[in-house]
Structure formats: C-alpha cells, structure tokens
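Working notes, structure below.
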Amino acid sequence: MIAIRKRLRMFGADERGATAIEYGLIAALIVIAMVGALEAMGGGINTRLWGKVGSAANTYMPSQ
C-alpha cells in the first residue's frame, strides 16, 4: 500500500506532461491565428489578383 501511495505522489509531482500540453496549446493558438489572418488577407488578394489574371487571359486568348 505504501508503494502505491509513493507512486501516486511521484505521478502527481511530475509536470512534464502538463508542460507539453501547454506548449501544444500555444502552438495550436498560433496556427489558428495564422490561418485566420491568411483567410482575411486571402479573400481580397484572391479576388483582385486572380480576377486580373483571368481578365488578361481572356484578352489574349478569348474563349472560342
């Protein structure tokens, strides 16, 4: 019984897993922020840039 209590105390004092989870959550939040920023920028860039490319392509190579 004493060995079980000793193991449980050691397990409770070990913080390596908690630190790894914290770093994982921080990394996930950074990725979510990056995706949100890219989505916000991507909409305007996508419309303007690819719209110009499409117009230029139609000018030089009209559809038949």
* Quick one: name the residues clustered hydrophobically with Ile26, using the 4.5 Å side-chain heavy-atom rule over I, L, V, M, F, W, Y, and just say none if it's on its own. => Ile30, Met34

* Quick one: name the residues clustered hydrophobically with Val31, using the 4.5 Å side-chain heavy-atom rule over I, L, V, M, F, W, Y, and just say none if it's on its own. => Val35

* Partners of Ile32 by side chain to side chain contact (heavy atoms under 4.5 Å, CB included), sequence neighbours excluded? -> none

